[in-house]
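Reading through the structure tokens given below for one structure.
Being a predicted model, the structure only gives us computed values, none of them experimental. We name chains A, B, ... by the order of the sequence lines, and we start the count at 1 in each one.
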Number of protein chains: 2
Amino acid sequence: MSKDILQKFNARRIIVLIRTHGPLSRLQLTQMLSVAPSTVTRLVNQMMDINLLTEFPNPEKQGQKGFPAKLLRFVSDSLVTAGVFFDPDRIFTCIADFDGNPLSEEEIPITERSFEAILSQASQSIDNQIEALKLNSTHIVGCGVSYPGQHTEEPGRNLKTKQFSNWPNVDVLNDLQPFFDFPVYQINDAKAACLGEMLYGACKPYQNFCYIWLSYGIGGAAVIDQNLYLGNNLAAAEWGGLFPKSKMRPSGQHFLDTLRVSGHELKRLDSITDWHLEQPEARQWIDEATQKLQWLSLVIARTFAPEAIVFGGTLNASLIDEIQSRIASTEHLGEDFLISPPDILRATTDNKPQLGAAALAIHEMLSPSKFTQ
Amino acid sequence: MSKDILQKFNARRIIVLIRTHGPLSRLQLTQMLSVAPSTVTRLVNQMMDINLLTEFPNPEKQGQKGFPAKLLRFVSDSLVTAGVFFDPDRIFTCIADFDGNPLSEEEIPITERSFEAILSQASQSIDNQIEALKLNSTHIVGCGVSYPGQHTEEPGRNLKTKQFSNWPNVDVLNDLQPFFDFPVYQINDAKAACLGEMLYGACKPYQNFCYIWLSYGIGGAAVIDQNLYLGNNLAAAEWGGLFPKSKMRPSGQHFLDTLRVSGHELKRLDSITDWHLEQPEARQWIDEATQKLQWLSLVIARTFAPEAIVFGGTLNASLIDEIQSRIASTEHLGEDFLISPPDILRATTDNKPQLGAAALAIHEMLSPSKFTQ
DNA sequence: TTATTATATTGCGCGCTGCAATATAATCGT
DNA sequence: ACGATTATATTGCAGCGCGCAATATAATAA
């Protein structure tokens, strides 16, 4: 069962197409890729040999003339990806298939916030799930790890975090890889969530979009031609920087601080209830935050001109819902904005942040930029 | 002399490397491309066969042990590109080689502003230069055409312009191609200038940068991984949209209007003299414009996080010089901006806007995104 | 039962590439 | 002075991904 087929250019393109469009016939793949039918046949058959793809009759083509096309789909437990997300309060882990269905999930409360403790629990959780699903490490394309933090300027995609006191800048190869038996990738919470939306969520149809991630802070990500654009120092799309700390900023932390001043002592984002959102101080904050985020949307539309802007995050879901729908329903994003505006979307996978981490491993394998040949 | 070698993947990569790095030996190419030496030898020899490349001894390696490496460079008149730029006042045309040296240039004053008149003069000028240089159309990879305007949402890269009254939206294939015997490409002034900087000017070393184009209006462009990023509706990096028409905006037109209010009647940007720049009203305008453009630089740094931001345009050169150097010398781009800022550069080719148009044809041929195979 | 149609497979050859052996042209060492 | 050494380039050969064209397959239509 040699998987070097996965290194082949057109094999990857086939995987990408089936992943984004759902089941397809060989003929459809031929047309979409502009390659000879024989090429598709050979590659598909090799992928069926290693049990990555399977075929089934097309129910819609029952009773039609000609050779009945067979549709191709992924074998759900043939190749899977692992995802780990954590914040100061909890660890989320999962194993997901190529279609983005979690095959298993786990949530673990955090008791000790040391790097060692969190990562051992996470890797143990992944191992348990692999065992429970009767998989082994040859089935895993990789594991994505994501948590709140900022990428540093050093090479190697290091991540530093304020949320976990005394943590070092975490380096993928030196610090993370020892915990896992398969390739590990690391990215911050916002950018992982963005990949989740791109591969599995509301952004599947888009080539270019921007993500606005509302959590304790304000994060973000920009997708250009189905790739994460990270920019110099990996600082691209870090929208939080557009809101100086000296002024009101539409972050979860600022919302908690605002509530605290008026006597509602909350420490965690997930303690916010619908009742809190109805308080006058909250209403006012929401108005102001919506206004700021609409300005941000305008700036994004004028700079990146994405097809869509997506709102998501670990902030209270109703709160994000309201902000997104209010911005989506405004007549004009801003003065002189005459061209058709980007779609303003609500993220659909931000309740499962580990799915974004899982998406990272798939992205690293399938992103067009990774296979030049 | 069959030029289908130019369609080959690694042949194009070789051209790109020699274009960006200058003369290289076969061994250097081997290492930079991570291919076998035999691959480079064969491709290079084919390109020498069609007289695209030529070799010469490496002067620096005189007196060193071993087989002396021969360096490869372009034959200057083997493959060339044509460029046409015009604004309401003049037409600039040129023929340039792959290294960005103009082989010939022409400037034509505009007497009649009809589409037909301008394009016939431009194409006639190009044809004359081709003849004078003893070239024929097989040597021309293409012709870029650029002028002030905004791209429309229609497919086919249509360009609409306010500067030329009664002009239709110009479509490349239907409207432009009939004037030329080789492929034509069209793009607006700002984005063409940006390509000129990327291929020939101050931005050669950068993978990602943003261009701020100061002319009658405020244009711009974003380069991501050595590609123009155009965004949805080709509206990306149109910075002008960030300055509402209801307020002060750092555009050449606004500068002319400001001077007019204080009694200095100027209609054309190239009528601005150093004396004008010393007037009190001008000084105040420049202060304000610098402040606005520094804010823009901060926004760009926070969104695109480019390696560099380049200032250029058809606005008075001293004026752009001053704005660029003032922004480049500020301690911090803005509040909380802690990471290393982008380089703030001065464009070096904006005195030859036709070179940017010429760059477009080369870019269309050599851009990595155009050759997947 | 045969013709027609839509889809998939097989046989063959081309062309790009890597590998390993060989060639080339300079200096170094004695 | 002349072979040894070194750095660079070329050649022969084989592998392999792909396209083309012929063929096979499995359904409906006549």
Side-chain angles (χ1 to χ4, degrees), chain A residues 2-18 21 23-50 53-73 371-373, chain B residues 2-18 21 23-50 53-73 371-373:
Chain A
S2 93
K3 281 176 176 153
D4 43 3
I5 174 82
L6 298 175
Q7 302 305 317
K8 294 183 187 175
F9 181 71
N10 281 323
R12 289 190 178 192
R13 294 175 72 202
I14 288 174
I15 295 174
V16 169
L17 282 178
I18 296 180
H21 290 77
L24 294 170
S25 70
R26 290 167 177 79
L27 184 62
Q28 288 174 302
L29 290 169
T30 296
Q31 291 157 347
M32 296 164 99
L33 295 175
S34 301
V35 296
S38 48
T39 302
V40 171
T41 289
R42 281 183 293 249
L43 292 174
V44 161
N45 290 351
Q46 285 177 75
M47 288 191 273
M48 289 176 64
D49 288 346
I50 63 164
L53 289 179
T54 185
E55 59 185 5
F56 64 97
N58 185 347
E60 290 177 14
K61 291 236 172 168
Q62 295 283 350
Q64 286 188 29
K65 217 171 166 179
F67 190 109
K70 286 162 280 180
L71 297 183
L72 298 157
R73 66 168 176 81
F371 49 107
T372 334
Q373 202 225 71
Chain B
S2 92
K3 282 179 176 148
D4 43 3
I5 175 82
L6 298 175
Q7 302 305 316
K8 294 183 187 175
F9 181 71
N10 281 324
R12 288 191 177 193
R13 295 174 72 204
I14 288 174
I15 295 175
V16 169
L17 283 178
I18 295 180
H21 290 78
L24 294 170
S25 71
R26 292 167 177 78
L27 183 63
Q28 287 174 302
L29 289 169
T30 296
Q31 291 157 348
M32 295 165 101
L33 294 174
S34 300
V35 296
S38 48
T39 302
V40 171
T41 288
R42 280 182 295 247
L43 293 173
V44 162
N45 289 351
Q46 287 176 74
M47 287 190 273
M48 288 175 64
D49 286 346
I50 64 164
L53 290 180
T54 186
E55 60 186 3
F56 63 98
N58 186 346
E60 292 177 13
K61 291 233 171 168
Q62 296 282 349
Q64 288 189 30
K65 218 172 166 178
F67 189 109
K70 285 161 282 181
L71 297 182
L72 298 156
R73 65 168 176 80
F371 49 106
T372 336
Q373 198 222 77

When rounded to the nearest 0.5 Å, the distance separating CG of Leu53(A) from CE of Met48(A) is 7.5 Å
Atom CZ of Arg12(A) and atom P of dC18(D) are separated, to the nearest Å, by 13 Å
message: Whether Glu55(A) and Arg26(A) form a salt bridge (side-chain N of Lys/Arg under 4.0 Å from carboxylate O of Asp/Glu) is what I want to check.
response: yes
Enumerate the protein-to-nucleotides 6-12 of chain C contacts in which both atoms are nitrogen or oxygen and the separation is below 3.5 Å.
residue, atom, partner, partner atom, Å
dA6(C), N3, Phe67(A), N, 2.7
dT7(C), OP1, Lys61(A), NZ, 2.9
dT7(C), O4', Phe67(A), O, 3.3
dA8(C), OP1, Lys70(A), N, 3.3
dA8(C), OP2, Leu27(A), N, 2.7
dT9(C), OP2, Arg26(A), NE, 2.9
dT9(C), OP2, Thr41(A), OG1, 3.0

Rounded to whole Å, the CG-C1' distance (Leu29(B) to dT17(C)) equals 16 Å
### Query
Does OP1 or OP2 of dC18(D) have a side-chain N or O of Asn10(A) closer than 4.0 Å?
yes
Atom CD of Gln64(B) and atom C1' of dT5(D) are separated, to the nearest Å, by 15 Å
When rounded to whole Å, the CZ to P distance for the pair Phe9(B) and dC16(C) reads 14 Å
So does Ser25(A) get a backbone contact from the side chain of Gln28(A), meaning a donor-acceptor N/O pair under 3.5 Å? yes
d(Ile18(A) CD1, Arg73(A) CZ) to nearest 0.5 Å is 11.0 Å
Atom CG of Leu43(B) and atom C1' of dG15(C) are separated, to the nearest Å, by 12 Å
Atom CG of Leu33(B) and atom C1' of dG18(C) are separated, to the nearest Å, by 14 Å
Per side chain to side chain contact (heavy atoms under 4.5 Å, CB included), Leu24(A) is matched among Leu29(A), Val40(A), Val44(A) by Leu29(A)
Asn45(B) and Arg42(B): side-chain donor and acceptor closer than 3.5 Å?
-> no
In whole angstroms, the gap separating C1' of dG15(C) from CD of Gln7(B) amounts to 15 Å
